[in-house]
Amino acid sequence: MTIRLHDTNARQIRDFVPLTAGCVSIYLCGATVQAAPHIGHIRSGLNFDIMRRWFEYRGYDVTFIRNVTDIDDKIIKKSAEQGRPWWSIGYENERAFNDGYDALGCLPPTYEPRATGHITEMIEMMRGLIERGHAYEADGNVYFDVRSFEGYLELSNQDLDDLRQPSGDNETGKRDKRDFAMWKTAKPGEPSWETPWGRGRPGWHLECSAMAHKYLGTAFDIHGGGIDLIFPHHENEIAQAKAFGDEFAKCWVHNGWVTLAGEKMSKSLGNSVLVSEMVKQWRPIVLRYYLGTPHYRSMIEYSEESLRDAESAFARIEGFVQRVVEKAGPVEAAAEVPPAFAEAMDDDLGVPQALAIVHTTVRQGNSALAADDKEAAVARLAEVRAMLGVLGLDPLDPHWAGESDRGEDLHGVVDTLVRLVLDQRQSARARKDWPAADAIRDQLNQSGLVIEDSPSGPRWTLGPR
C-alpha cells in the first residue's frame with residue numbers, strides 16, 4: 001500500500017513517504033477572518049478533511065494544523081469601515097468558519113493556532129533571518145531580501161526578473177521592490193506589538209512560517225492550501241522558513257477553486273455564496289457531497305443545477321441505506337473498504353473514481369433487495385458504510401443524526417398527514433381501484449414526496465427538489 005499525492009513543487013504525482021514511519025504531519029492555511037466564509041473557503045477544509053480521514057484509515061497517526069489569520073490588512077480595513085475593534089470582527093468570523101466546518105462534518109484540527117498568539121515566535125524568526133543576512137529593517141518595517149535566498153520562486157516557477165510582488169500601504173525603505181514585508185511598522189490607530197525594531201504588526205506570510213515551525217518543527221510532511229496561495233503566500237513562507245534553517249514542507253498539495261461565472265469565488269469580488277445561507281437551503285450532508293466529491297485539484301463551477309444533481313445522486317445512496325436498515329436493522333460498517341475504492345483513494349485521493357465504486361455497490365445492493373437477498377444487501381451496505389465513512393458522508397454517522405429529513409421539527413406532522421393519504425391509497429388498492437391509487441401516488445410525487453411500496457408497507461421520502 002502506497003499513497004500517492006500530487007506535489008506542486010515537483011509538478012507530478014509522487015509516492016508519499018512520511019518523515020516518521022506511521023505518522024503524518026499536515027499544515028493547512030486556514031481562515032483569514034475578515035468576513036464570514038463562502039463555500040470556496042469550506043471546500044479547502046473539506047478536501048483536507050478527506051485527506052486526513054484517508055491517512056487515518058490507512059493507519060497513520062495524523063497531526064493536523066489549521067491556522068487562523070486574525071490580523072492582516074483586510075481585517076484592519078474592515079475594522080475602520082465598521083467602527084468595530086479588529087479582534088471583535090476576527091472572533092465573530094472565526095466562529096462562523098468553525099460553524100461552517102462543523103456543519104459540513106469536518107473533523108476538528110489537532111491544533112488551530114491564531115496568528116496573534118504567536119508574536120514571540122515571529123520575532124525570533126525575524127531576528128534569526130536578520131542575523132543570517134536574509135532580512136533587514138527599514139523605517140520600522142522588516143523585509144525579506146528575496147535575492148539572498150537561492151531557491152526563491154521554485155514553487156511558483158516564476159522568473160525573479162519578471163516578478164511583481166504585491167505590496168501594502170506604508171511599505172517604505174525597501175532595497176528591492178521585490179522584497180516582501182514580514183513586519184509592518186505601526187500606523188496611528190492600528191493594532192501593534194512591541195519588537196526590537198519598534199511597534200508594528202506581522203505580515204501575512206511570516207505568521208504561517210512561525211506557526212508551522214512551532215507546532216510541526218523544522219520539517220513536516222504536507223503543506224496544503226488553495227491554488228491561489230502558491231504565490232505570494234506559500235512562496236514567501238518557503239523563503240522565510242528555509243532561510244531560517246528549517247527544511248519546512250516535504251510535499252505541497254493545492255486544491256482548486258469554486259468558481260462562479262468562470263471567476264474565483266471571492267469576498268472581495270462580491271460573488272461569494274455564504275455557507276451560513278447555503279445550509280438554510282440545502283442539507284449540509286448534500287453540500288459536503290457537492291463540494292467534497294469532485295477531485296480536489298479540479299475547479300467546481302457553482303450552480304443550483306449542479307447542486308440538485310448532487311442532491312439526487314446522494315438521495316440514491318441514502319435511499320439504499322434506509323431500505324436495508326428497514327429490512328435488516330442496524331448494519332455496522334465493514335472493517336475494510338473494497339480494494340477498488342482503496343486503489344482510487346491511494347492514487348492522489350481519487351474521490352470521483354472511489355465514488356463510482358460506492359454507486360456500483362449501491363446498485364448491487366438494490367438488486368439484492370429486489371431479489372429479496374437480505375444477506376447480500378446487508379453485505380453491500382456494510383461496504384457502503386465503510387466507504388462513506390472515509391468520505392465523511394455516512395448518513396448513519398452520529399454527526400448527521402436527525403439531519404436526513406429537511407424541516408426536522410415538522411417531520412412528525414408531515415408524516416401523520418402523509419400517512420392519512422397513504423391509507424386512502426391503500427384502501428383504493430385493496431378494492432383494486434388502481435387508477436385512484438396511482439392518482440394519489442402521482443399527486444404525492446408532484447408535491448415532492450417519493451412513494452415506494454415495500455414488504456412492510458408504503459414508505460415516503462423527500463425527493464430531489
Side-chain angles (χ1 to χ4, degrees), residues 46 50 53-54 57 104-105 282-295 305-347 349-406 445 448-456 458-465:
L46 269 174
I50 292 171
R53 288 170 182 265
W54 183 244
Y57 171 82
L104 271 64
W282 302 88
R283 291 170 53 203
I285 197 169
V286 169
L287 284 175
R288 183 178 177 101
Y289 185 98
Y290 171 66
L291 294 171
T293 54
H295 193 273
E305 181 182 0
S306 57
L307 255 168
R308 284 192 293 271
D309 290 342
E311 183 179 48
S312 297
F314 185 73
R316 291 193 291 273
I317 297 172
E318 192 172 37
F320 165 68
V321 173
Q322 293 171 344
R323 284 189 290 275
V324 177
V325 170
E326 287 178 0
K327 186 178 185 66
V331 176
E332 293 298 318
E336 296 184 359
V337 299
F341 181 95
E343 182 180 354
M345 292 297 290
D346 282 340
D347 187 12
L349 302 177
V351 174
Q353 294 78 15
L355 192 65
I357 306 303
V358 174
H359 282 285
T360 296
T361 309
V362 166
R363 287 193 293 271
Q364 293 169 348
N366 282 329
S367 296
L369 284 173
D372 202 24
D373 187 344
K374 178 180 174 181
E375 183 178 350
V378 167
R380 299 294 80 75
L381 176 55
E383 293 172 344
V384 167
R385 287 202 66 194
M387 293 185 282
L388 293 178
V390 167
L391 300 176
L393 287 167
D394 181 1
L396 301 181
D397 186 281
H399 177 83
W400 305 112
E403 191 268 348
S404 60
D405 294 304
R406 300 181 214 115
N445 287 341
L449 299 174
V450 176
I451 307 303
E452 296 176 78
D453 293 308
S454 70
S456 59
R459 60 188 299 274
W460 68 272
T461 57
L462 286 172
R465 49 187 89 195

Can you tell me how far CD1 of Ile317 sits from CG of Leu391, rounded to the nearest 0.5 angstrom? 8.5 Å
What salt bridge (charged side-chain N to carboxylate O under 4.0 Å, His left out) pairs are there with at least one residue in residues 380-394, not counting sequence neighbours? Arg380-Glu383, Arg385-Asp394
Quick one: are Val337 and Trp54 in side-chain contact, heavy atoms under 4.5 Å? yes
With Val351, the side-chain contact (heavy atoms from CB on, under 4.5 Å) member among Val390, Val358, Thr293: Thr293
CG of Leu355 to CE of Met345: how many Å apart, nearest 0.5 Å? 10.5 Å
Drop me the distance from Thr361's OG1 to Leu388's CG, to the nearest 0.5 angstrom. 9.5 Å
For Ala340 and Ile357, which heavy atoms make the closest approach, and how far apart are they? CB-CD1, 3.8 Å
About how many Å separate CZ of Arg283 and CG of Leu104, when rounded to the nearest 0.5 Å? 12.0 Å
How close do Ala368 and Ala377 get, counting heavy atoms only, and between which atoms? CB-N, 3.7 Å
Are side-chain heavy atoms of Asp372 and Lys327 found at a separation under 4.5 Å? yes
Residues in ring pair (Phe, Tyr, Trp, His ring centres under 6.0 Å) contact with Tyr289, at least two apart in sequence or another chain: Phe314
Please report the interatomic distance CG(Leu369) to CG(Leu381), rounded to the nearest 0.5 Å. 9.0 Å
Atom pair NE2/CZ of His359 and Phe320 - distance to nearest 0.5 Å: 12.5 Å
Might you point out which heavy atoms bring Ala333 and Ala386 nearest each other, and give the distance in Å? CB-N, 3.8 Å
Listed by chain and number, what are the side-chain hydrogen bond (donor to acceptor under 3.5 Å, both in side chains) partners of Arg316, not counting sequence neighbours? none
Those residues that, when tested against Glu305, pass side chain to side chain contact (heavy atoms under 4.5 Å, CB included) (two or more places apart): Ser303, Arg308, Asp309
Output every pair passing side-chain hydrogen bond (donor to acceptor under 3.5 Å, both in side chains) with a member in residues 333-345, not counting sequence neighbours, ordered by first then second residue. none
Determine the minimum heavy-atom distance between Pro294 and Pro352, stating which atoms define it. C-CG, 4.0 Å
All heavy atoms of Trp400 vs all of Ile285, minimum pair found to be CZ3-N, 3.6 Å
Not counting sequence neighbours, which residues clear side chain to side chain contact (heavy atoms under 4.5 Å, CB included) with Arg53? List them please. Asp49, Leu107, Arg288
Search all heavy atoms of His295 against all heavy atoms of Leu349 and return the closest pair with its distance. CD2-O, 3.7 Å
